[in-house]
Amino acid sequence: MGRDVPALVFTREDRRRYRDKMHTCLDVLAQMLRESTFESERPQVGLEIELNLVDADGRPAMRNTDVLRAIADPAWSSELGRFNLEINIPPRELTTGGPGAWELAIRDALNHAEERASAVGAHLIMVGILPTLGETDVDETALSGDPRYRLLNEQIFAARGEDLRITVDGVERLSTYADTITPEAACTSTQYHLQVSPREFADYWNAAQAVAGVQIALAANSPYLFGKELWRETRIPLFEQATDTRPVEIKAQGVRPRVWFGERWITSVFDLFEENVRYFPALLPLCDDEDPQEAHDRGNAPQLGELTLHNGTIYRWNRPVYAVTDSGPHLRIENRVLPAGPTVADTIANGAFYYGLTRALVDDDRPVWTRMSFAVAEENLHTAARDGIDARLYWPGMGEVPVTELVLRRLLPQAHRGLQLAGMDAAWREPLLGIIEQRCVTARNGALWQAETVHHLEKAGTDRDEALRRMTRTYMEYMHLNAAAHTWPVD
């Protein structure tokens with residue numbers, strides 16, 4: 001939900017008018033899909049990375065306004081918490097300049113931002129959940145100053161009518177309440193974008209859903225929240241709970257959550273936008289001046305502002321995106337399942353695995369989503385989030401199997417094939433997917449390193465708070481070295 005919004009109070013008329021506009025947007029989108037008026041000849045990939053800000057001791061720094069002013073680059077923006085930032089890496093074709101060029105561009109941008117941030121007493125860290133974050137760091141004062149965040153907070157609690165309960169049973173147990181949505185700011189992610197044609201959208205989305213659990217298991221990087229060791233990728237249950245508009249009674253009625261895996265394989269991108277309108281009340285009923293039907297009839301690409309704003313308040317793990325650029329309207333999938341970090345090298349490897357594997361699965365004669373139930377794909381996601389790289393996941397033709405075995409035997413060769421189909425030669429593929437291979441061979445990732453490092457410090461007599469702080473400082477040192485996380489020593 002990247003749009004700026006004013007601080008205001010919504011009326012019943014606002015909501016009625018907004019619903020009508022969304023239905024008009026849906027009708028226009030359906031027309032556009034029939035007429036194939038989308039840019040897809042030169043499909044591009046994109047990347048957004050959310051980061052945390054810390055002080056010299058590795059503790060949260062509520063300085064995003066100062067840091068953004070110091071960076072002074074429109075590619076950077078605020079996020080929900082004052083200790084968050086986000087960078088939007090410019091889109092590119094997958095093979096343009098090679099993966100080394102993409103990695104260098106990302107590292108240069110992050111290094112520049114780190115230099116500017118350090119001048120105002122803050123530092124950047126790419127991690128799924130900041131290990132030193134405490135419950136007192138996510139109260140209302142930690143909300144970013146942009147009015148859109150406060151308005152979103154007000155609307156979620158108005159819909160919910162009571163405080164949020166956050167409960168996670170993992171290695172340890174967390175049970176607490178929150179009176180703002182700021183705990184959601186603890187979840188910092190890496191978001192991979194893939195532009196696709198309307199004809200291929202359903203296949204790519206289905207493939208992305210099918211592999212979401214595998215992605216999380218391999219890249220888990222969020223084992224700690226509020227000082228407790230929980231799931232290997234605690235972002236998943238935290239995000240599901242921290243933006244939930246449903247009190248207990250509404251959940252019991254089967255009302256769908258706004259953080260949503262979905263409930264079925266799709267046949268068209270239209271299915272997802274139509275579900276959004278059918279199932280979810282508007283949180284921010286702000287109407288644009290544009291008449292989308294009139295714009296379309298004039299031969300212009302309509303912005304579909306109401307539909308896209310609403311889409312931004314429904315947090316699918318694989319979100320459909322409609323956007324208009326100078327080259328016309330396009331569709332893309334925003335893959336939102338992975339945490340930030342640990343390094344740029346890991347991030348690029350994760351992207352290569354995702355892009356290659358989905359391409360190969362779409363190319364299969366018998367697509368995986370025709371042989372796997374949707375419910376199993378969702379179960380894989382939560383199993384992977386709980387157990388990380390030690391997870392056992394279901395895959396057609398293999399049954400329930402350790403994720404490392406699944407990837408080494410079946411999915412890694414497919415990822416190679418998919419990248420080859422996309423035009424990436426072996427000299428580029430091998431270093432990227434080699435990181436994924438070694439992660440599986442060693443059964444090590446960021447979450448495991450964090451937990452083992454804290455355990456090591458605690459066994460030496462360090463208390464949990466100090467162990468988390470020291471681990472975070474060491475994490476940042478290795479992050480800047482850019483050696484993949486499976487190579488990090490525990491000491």
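Values below: every heavy atom of this structure, side chains too, minus hydrogens, waters and symmetry copies.
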With side chains defined as the heavy atoms from C-beta onward, is the minimum distance between P302 and E290 less than 4.5 Å?
-> yes
Would you please classify the geometry between the W488 ring and the Y478 ring as parallel, tilted or perpendicular, with 30° and 60° separating the classes?
-> tilted
Can a donor-acceptor pair be found between the side chains of R439 and H486 at a distance below 3.5 Å?
-> no
Any chance CD of E200 has more than 12 other-residue heavy atoms, nucleotides or ligands included, within less than 6.0 Å?
-> yes
Side chain to side chain donor-acceptor pair (under 3.5 Å) between S144 and N64, intermediate numbers included | CA-CA 8 Å; S144 285; N64 67 356; 2.9 Å; yes
Between R256 and E263, is a salt bridge (charged side-chain N to carboxylate O under 4.0 Å, His left out) present by the stated rule, with each step listed?
-> CA-CA 10 Å; R256 294 156 179 87; E263 58 191 13; 3.1 Å; yes
Does some side-chain heavy atom of R246 sit less than 4.5 Å from a side-chain heavy atom of P257?
-> yes
S77 and N88 side chains, donor-acceptor separation under 3.5 Å = no
Report the distance from atom CG of L110 to atom CG of L51, rounding to the nearest 0.5 Å.
-> 6.0 Å
Are the side chain of D363 and the backbone N or O of R359 linked by a donor-acceptor pair below 3.5 Å?
-> no
Using the side-chain contact (heavy atoms from CB on, under 4.5 Å) rule, take E334 and E48 through it: C-alpha gap first, then chi angles, then the decisive distance, then the call.
-> CA-CA 10 Å; E334 181 186 14; E48 296 174 90; 3.5 Å; yes
E39 CD to S197 OG distance, which is reported to the nearest 0.5 Å = 11.0 Å
Out of T358, N350, L357, which one pairs with Y354 under the side chain to side chain contact (heavy atoms under 4.5 Å, CB included) rule?
-> T358
Is the closest side-chain heavy-atom distance between V196 and L194 below 4.5 Å?
-> yes
Salt-bridge test for D364 and R417: reply yes if a basic N is under 4.0 Å from a carboxylate O, no otherwise.
-> yes
Using a distance-only test with no angle check, is there a side-chain donor-acceptor pair under 3.5 angstrom linking Q420 and D425?
-> no
Side-chain heavy atoms of L331 within contact of P198, under 4.5 Å | yes
Checking W265 side chain against M372 main chain: does a donor-acceptor pair fall under 3.5 Å?
-> yes
Nearest heavy atoms of L238 and P183, plus distance in Å = CD2-O, 3.7 Å
Between the side chain of Y475 and the main-chain N/O of M126, is any donor-acceptor distance below 3.5 Å?
-> yes
What is the distance from atom CD1 of I156 to atom CD of E154, rounded to the nearest 0.5 Å?
-> 11.0 Å
Chi angles and distances behind the side-chain contact (heavy atoms from CB on, under 4.5 Å) call for W102, L47 = CA-CA 10 Å; W102 206 21; L47 179 65; 3.9 Å; yes
With no hydrogens and no angle check, do the side chains of T188 and N52 hold a donor and an acceptor under 3.5 Å apart?
-> yes
Have a look at W317 and tell me which of Y192, W205, F239, W260 forms a ring pair (Phe, Tyr, Trp, His ring centres under 6.0 Å) with it.
-> F239
Let me see the working for N445 and N221 under side-chain contact (heavy atoms from CB on, under 4.5 Å), right down to the final yes or no.
-> CA-CA 7 Å; N445 60 12; N221 196 34; over 6 Å; no
Y224 side, atom OH; T472 side, atom OG1 - distance, nearest 0.5 Å | 10.0 Å
Is a donor on one side and an acceptor on the other found under 3.5 Å between the side chain of D73 and the backbone of A113?
-> no
Validation row: T347, I106 side chains within 4.5 angstrom (heavy atoms) = no
Minimal heavy-atom distance between Q155 and L283, with the atoms involved, is CG-O, 3.1 Å
Under 3.5 Å: donor-acceptor pair, side chain of R319, backbone of N335 = no
Examine the side chains of T141 and D139 and answer whether a donor and an acceptor come within less than 3.5 Å of each other.
-> yes
What's the spacing between T404 OG1 and L412 CG if we round to 0.5 Å?
-> 12.0 Å
Lys/Arg N to Asp/Glu carboxylate O, E240 vs R235, below 4.0 Å | no
No-hydrogen, no-angle side-chain donor-acceptor test under 3.5 Å, S189 and E50 | yes
Lys/Arg-Asp/Glu bridge criterion (N-O < 4.0 Å) met for E275, R316 | yes
Can you name the nearest heavy-atom pair linking A202 to S268, along with the distance?
-> CB-N, 3.7 Å
Within a strict 4.5 Å, meaning less than it, do heavy atoms of the F273 and N311 side chains meet?
-> yes
Nearest heavy-atom pair of A242 and L164: which atoms, and what distance?
-> O-CD1, 3.2 Å
Does any non-hydrogen side-chain atom of V376 lie less than 4.5 Å from one of S373?
-> yes
Distance-only donor-acceptor check, side chains T343 and D346, under 3.5 Å = yes
Any Lys/Arg nitrogen of R82 or E79 sitting under 4.0 Å from an Asp/Glu carboxylate oxygen of the other?
-> no
Report the distance from atom OG1 of T167 to atom CD of Q241, rounding to the nearest 0.5 Å.
-> 6.0 Å
More than 12 heavy atoms of other residues, nucleotides or ligands under 6.0 Å from CD of E274: is that the case?
-> yes
In terms of heavy-atom contacts, T95 and A422 come closest through CG2-O, 3.6 Å
Looking just at side-chain N and O atoms, do D387 and T383 make a donor-acceptor pair shorter than 3.5 Å?
-> no
Where the side chain of Q215 meets the backbone of L338, is there a donor-acceptor pair that is under 3.5 Å apart?
-> no
Any luck finding a side-chain donor-acceptor pair between T180 and E140 under 3.5 Å?
-> no
Between F374 and F261, does the ring centre distance come in under 6.0 Å?
-> yes
With distance as the sole test, does T234 use its side chain to make a donor-acceptor pair with the main-chain N or O of L230 at under 3.5 Å?
-> no
Considering non-hydrogen atoms only, spot the tightest contact between I348 and L432 and give its length.
-> CG2-CD2, 3.2 Å
Before giving the answer on side-chain contact (heavy atoms from CB on, under 4.5 Å), spell out for I49 and E86 the whole-Å C-alpha distance, their side-chain angles and the decisive distance to 0.1 Å.
-> CA-CA 6 Å; I49 303 174; E86 180 179 81; over 6 Å; no
Do the side chain of R92 and the main chain of T96 share a donor and acceptor less than 3.5 angstrom apart?
-> yes
Is there a side-chain contact between R336 and N318, using heavy atoms and a 4.5 Å cut-off?
-> no
Please answer whether the main-chain N or O of N276 pairs with a side-chain N or O of H310 as donor and acceptor at a distance below 3.5 Å.
-> yes
Between the side chain of R232 and the main-chain N/O of A217, is any donor-acceptor distance below 3.5 Å?
-> no
